[in-house]
Amino acid sequence: VGCKPQQLKSLKETIGDKFQQSLFISVLAALSEDQQRTILGVKRLVRVMPNLPVIYNSGVSLIASTSEKNLKPIEEVFQKLGMAKLVTEKEL
């Protein structure tokens with residue numbers, strides 16, 4: 001999910017229920033995982049907070065999810081942009 005928080009409801013209207021079983025990866029900072037899952041009507045969502053230096057493969061991406069147990073593959077993808085660190089939702 002790569003939209004502004006105030007656009008999330010509109011995104012839900014656009015995609016409907018097409019991706020309910022999919023894993024969502026969100027870069028939205030202002031809304032918690034629970035809020036995003038509720039608005040989107042999905043069960044699986046991982047929040048990622050990358051910082052700007054990922055453009056140069058030297059950034060840090062914080063990764064958190066209460067709905068996904070195996071975050072290792074996601075961590076591996078974001079390690080290609082720099083350091084990736086698993087954190088709790090509260091830490092995020």
Side-chain angles (χ1 to χ4, degrees):
V1 178
C3 64
K4 295 181 179 182
Q6 62 268 27
Q7 297 171 317
L8 196 58
K9 289 181 183 175
S10 178
L11 175 64
K12 170 58 177 172
E13 291 174 12
T14 301
I15 64 173
D17 295 330
K18 295 177 189 172
F19 304 103
Q20 281 187 323
Q21 302 305 314
S22 299
L23 170 62
F24 279 73
I25 297 179
S26 171
V27 294
L28 296 179
L31 299 174
S32 72
E33 178 186 346
D34 285 341
Q35 289 171 312
Q36 292 181 53
R37 285 191 296 119
T38 298
I39 291 168
L40 291 170
V42 299
K43 294 178 181 172
R44 301 173 61 207
L45 188 134
V46 174
R47 291 183 67 204
V48 178
M49 293 292 109
N51 65 0
L52 224 41
V54 297
I55 296 169
Y56 307 105
N57 297 338
S58 59
V60 177
S61 297
L62 302 179
I63 303 166
S65 181
T66 59
S67 61
E68 278 300 299
K69 301 304 176 216
N70 182 13
L71 295 174
K72 195 68 176 161
I74 295 165
E75 181 182 22
E76 290 171 0
V77 167
F78 280 91
Q79 283 175 345
K80 296 180 187 319
L81 302 174
M83 187 174 92
K85 181 169 175 43
L86 300 178
V87 297
T88 66
E89 173 78 10
K90 187 175 181 178
E91 292 172 314
L92 191 60

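Along the sequence shown, the residues carry numbers beginning at 1. All heavy atoms count here, side chains included; hydrogens, waters and symmetry mates do not.
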Please tabulate, for the side chains in residues 53-64, all donor-acceptor contacts under 3.5 angstrom to protein atoms that are two or more places apart in sequence or on a different chain.
none

Atom pairs and distances, donor-acceptor, side-chain atoms in residues 34-42, under 3.5 Å, two or more places apart:
from  : atom 1 : to    : atom 2 : distance (Å)
Asp34 : OD1    : Arg37 : NH2    : 2.6
Gln35 : OE1    : Ser32 : N      : 2.7
Gln35 : OE1    : Ser32 : OG     : 3.3
Gln36 : OE1    : Ser26 : OG     : 2.4
Gln36 : NE2    : Leu31 : O      : 2.7
Arg37 : NE     : Glu33 : OE2    : 3.3
Thr38 : OG1    : Asp34 : O      : 2.9

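In terms of heavy atoms, Phe19 sits closest to Phe24 at O-CE1, 3.4 Å.
Under the salt bridge (charged side-chain N to carboxylate O under 4.0 Å, His left out) criterion, the residue pairs touching residues 7-31 are Lys12-Asp17, with sequence neighbours excluded.
Thr88 pairs by the side chain to side chain donor-acceptor pair (under 3.5 Å) definition with Glu91, not counting sequence neighbours. Residues forming a side chain to side chain donor-acceptor pair (under 3.5 Å) with Glu89 (at least two apart in sequence, or on another chain): Arg47. Residues passing the side chain to side chain donor-acceptor pair (under 3.5 Å) test with Asn51: none are found, sequence neighbours excluded.
For the side-chain contact (heavy atoms from CB on, under 4.5 Å) test with Ser65, the passing option among Val46, Leu92, Ile25, Leu86 is Val46; the others fail.
Distance check: Leu8 CG to Gln6 CD gives 10.0 Å after rounding to the nearest 0.5 Å. Here Glu68 contributes atom CD and Lys43 contributes atom NZ; the two are 12.5 Å apart, rounded to the nearest 0.5 Å.
Both Ile15 and Leu45 belong to a common hydrophobic cluster when Ile, Leu, Val, Met, Phe, Trp and Tyr are linked at side-chain heavy-atom distances under 4.5 angstrom. Hydrophobic clustering of Ile, Leu, Val, Met, Phe, Trp and Tyr side chains at less than 4.5 Å, counting indirect connections, unites Leu23 with Val77.
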